[in-house]
Amino acid sequence: MNDFITSAPRARDVFRRHFAKYVFVLASCCMGPLALAQAPSTILAPGQSLGIFLDIGPVPNLRDLGGYVTSGGDVVARGKVYRSNEFYAMDSANLIKLQALKLKTDYDLRTPAEINSQPDKIPPEMKYVRLNVMADEDLIVTPDQIGGLFQNPKLASQKLGGAKGVEASFVRLYRDFVSLSSAQQSYRILFLSLSDAANLPGVFHCTNGKDRTGWGAAALLTFLGVPKDEVLADYLRSNNYLLPMHQKEIDAFIAGGGDPGVPSALFGVKREYLEASFDEMYSRYGTIERYFSESLKINDSQQKRLRNMYLTHNRSS
């Protein structure tokens, strides 16, 4: 009985994905390029992976931020802004599939070291914007060093302080997403750019698309009026897409004698991480609007333009 209860929802999810893909293919045959650009984000439930749906293996965390209903009854428009993990492992076939989204701008939130190590591979027509959120961050272990550190699981566990150490580091990091000058400047540029139709559709990402990208997505959805429980659910969905992608690394780390809690704390997300950003933001500014105006220096008229760009009264959008 327990197995049936556990597996039935999964079976329904699989059926829905296959049915949605069937509808998408049928629509693309009948409607051509327009369907390819619009149907995926319209057919899927909010927060579901377009990377998986479009069979773009390297970007399982590619997701539309649209589709969520706000507390005021408006709907966040689909097909305008996406979140993702990095585009490093893309091949020509993947790039063709990505072009179905008609993306105009790629906002890369990674450090120069991360970018130099694994540069994005994107369609030539896309504009590329670098925004180093963590430029002012003083890290014991930088993101680009994680892979090398994982070659020695026992040493990594010791240096990172085990799972608890990793979790504490991420809590501090998420607070810094709000307080660091480099983060404030990066998110200001990102949100102002995303309010300009000439740059849309746009996609923003970091390495795994969960931390720097996670706060960016959460801040934007919160600003637009999406309830906090929906924002948290969207954030936590990264676990569904990233942990399977890193499964081989996770298994090897544990087999090598590493702290078994470290990989999920590092490659996944936890509610307390994002709550740290919210706590820092509300403690400093009181409201999301004041965070935008006082921290990000996005004034009232710019905030209005951002809302007008993404909010619609039509729930079918």
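Position 1 is the first residue of the sequence; numbering continues from there. These numbers were taken from a predicted model, which means no experiment stands behind them. Only heavy atoms go into these numbers, but all of them, side chains included; no hydrogens, no water, no symmetry mates.
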Using side chain to side chain donor-acceptor pair (under 3.5 Å), reason through N299 and Q303 one step at a time and then give a plain yes or no. CA-CA 6 Å; N299 63 35; Q303 290 186 32; over 6 Å; no
Would you check if the side chain of E294 reaches a backbone N or O of Y285 as a donor-acceptor pair within less than 3.5 Å? no
I'd like to check the salt bridge (charged side-chain N to carboxylate O under 4.0 Å, His left out) partners of R175; sequence neighbours left out, ordered by chain and number. D279, E280
Could you go step by step and tell me if D211 and Y174 meet the side chain to side chain donor-acceptor pair (under 3.5 Å) rule? CA-CA 7 Å; D211 302 315; Y174 272 70; 2.4 Å; yes
Any side-chain heavy-atom pair of W215 and F278 under 4.5 Å: yes
Common cluster, F177/L192, ILVMFWY with side-chain heavy-atom separation under 4.5 Å: yes
Sub-4.5 Å side-chain heavy-atom contact between D108 and I115: yes
Using modelled atom types and a 3.5 Å cut-off, is there a donor and acceptor pairing between side-chain atoms of T105 and backbone atoms of N199? yes
May I have the step-by-step check of salt bridge (Lys or Arg N to Asp or Glu O under 4.0 Å) for D234 and R63, ending in yes or no? CA-CA 10 Å; D234 181 84; R63 300 188 265 145; 3.3 Å; yes
For residues L155 and V166: do they belong to one hydrophobic cluster (side chain heavy atoms under 4.5 Å, members Ile, Leu, Val, Met, Phe, Trp, Tyr)? no
Could you walk me through whether R212 and E114 satisfy the salt bridge (Lys or Arg N to Asp or Glu O under 4.0 Å) test, starting with their C-alpha distance in whole Å, then the side-chain angles of each, then the deciding distance to 0.1 Å, before giving a yes or no? CA-CA 13 Å; R212 288 158 286 188; E114 291 174 280; 2.8 Å; yes
Any side-chain heavy-atom pair from K97 and D55 closer than 4.5 angstrom? yes
What are the two closest heavy atoms between P60 and S49, and how far apart are they? O-OG, 2.6 Å
Shortest non-hydrogen contact from D259 to S157? N-OG, 2.7 Å
Would a 4.5 Å heavy-atom cut-off, applied to side chains only, mark L221 and E230 as touching? no
CG (L173) and OH (Y273) are apart, to the nearest 0.5 Å, by 10.0 Å
Exam field: side chain N208 to backbone K210, donor-acceptor pair closer than 3.5 Å: no
Check this for me, if you would: do E86 and K121 make a salt bridge, where the nitrogen-to-carboxylate-oxygen distance has to be below 4.0 angstrom? no
Check N132, T207, N116, D120 against R110 for a side-chain hydrogen bond (donor to acceptor under 3.5 Å, both in side chains) and give me the one that passes. D120
To check you understand the geometry: which heavy-atom pair defines the closest contact between G67 and P46, and what is its length? O-CG, 3.5 Å
Quick one: which of Y310, F191, F292, Y291 gives a side-chain contact (heavy atoms from CB on, under 4.5 Å) with F223? F292
Check: K297 main-chain N/O paired with S293 side-chain donor or acceptor under 3.5 Å: no
Below 4.5 Å, heavy atoms only, C-beta onward: do I298 and L306 meet side chain to side chain? no
Are L98 and I96 grouped together when hydrophobic residues (ILVMFWY) are joined by side-chain heavy atoms under 4.5 angstrom apart? no
If you look at every heavy atom in R284 and S179, which pair is closest and at what distance? NH2-CB, 3.3 Å
Using the side-chain contact (heavy atoms from CB on, under 4.5 Å) rule, take N152 and F253 through it: C-alpha gap first, then chi angles, then the decisive distance, then the call. CA-CA 8 Å; N152 189 330; F253 185 87; over 6 Å; no
Reference residue H205; test side-chain hydrogen bond (donor to acceptor under 3.5 Å, both in side chains); the match among T213, N85, D106: D106
Does a salt bridge link K228 with E275, judged by any charged N lying under 4.0 Å from a carboxylate O? yes
Counting distance only, does the side-chain N/O of N94 pair as donor-acceptor with the main-chain N or O of I56 below 3.5 Å? no
How far does CG of L109 sit from CG of L190, to the nearest 0.5 angstrom? 6.0 Å
For L62 versus L101, what's the shortest heavy-atom pair and its separation? CD2-CD1, 4.0 Å
Measure the shortest side-chain to side-chain distance between L65 and Y82 over non-hydrogen atoms and say whether it is less than 4.5 angstrom. no
Heavy-atom check, side chain of V226 versus side chain of T222, under 4.5 Å: no
Donor-acceptor contact below 3.5 Å, side chain R83 vs main chain G209: yes
Say you draw a straight line from OG of S277 to CE of M281; how long is it, rounded to the nearest 0.5 Å? 9.0 Å
Determine whether the side chains of S84 and N61 contain a donor N or O and an acceptor N or O closer than 3.5 Å. no
To the nearest 0.5 Å, what is the distance between OH on Y187 and CG on L296? 10.0 Å
Is it the case that atom CD in E272 sees more than 12 heavy atoms from other parts of the structure closer than 6.0 Å? yes
Interatomic distance, CD@Q99 vs CD1@I122, rounded to 0.5 Å, equals 11.0 Å
Between F267 and the options F150, F170, Y241, the ring pair (Phe, Tyr, Trp, His ring centres under 6.0 Å) test singles out F150
In terms of side-chain heavy atoms, does T287 have a donor or acceptor partner in R290 at a distance below 3.5 Å? no
Distance, nearest 0.5 Å, that separates CG of L243 from NE2 of H246: 8.0 Å
L200 and D196: which non-hydrogen atoms are nearest, and at how many Å? CG-O, 3.5 Å
Looking at Q302, I'd like to know if its CD atom is crowded, meaning that more than 12 non-hydrogen atoms belonging to other residues, nucleotides or ligands lie closer than 6.0 Å. yes
Under 3.5 Å, is there a donor-acceptor pair between the side chain of Q184 and the main chain of V178? yes
Answer with yes or no whether the hydrophobic clustering places L50 together with L242; edges join I, L, V, M, F, W, Y residues whose side-chain heavy atoms lie under 4.5 Å apart. no
Pairwise side-chain contact, F87 with P58, heavy-atom cut-off 4.5 Å (strictly under): no
Would a distance-only check, ignoring hydrogens and angles, find a side-chain to backbone donor-acceptor pair under 3.5 Å from S182 to V133? yes
Show the numbers, then the answer: is there a side-chain contact (heavy atoms from CB on, under 4.5 Å) between E289 and D300? CA-CA 9 Å; E289 290 79 13; D300 290 346; over 6 Å; no
Begin with the C-alpha distance, continue with both residues' side-chain angles, and end with the deciding distance and a verdict on side-chain contact (heavy atoms from CB on, under 4.5 Å) for L311 and V75. CA-CA 6 Å; L311 294 181; V75 179; over 6 Å; no
Starting from the C-alpha separation in whole Å, work towards a yes-or-no answer on side-chain contact (heavy atoms from CB on, under 4.5 Å) for R78 and Y68. CA-CA 9 Å; R78 297 176 187 262; Y68 289 108; over 6 Å; no
Side-chain heavy atoms nearer than 4.5 Å, only ILVMFWY residues, links allowed to pass through others: does that put M245 and L236 together? no
Check whether any side-chain N or O of K80 sits under 3.5 Å from a backbone N or O of G202 as a donor-acceptor pair, and report yes or no. no
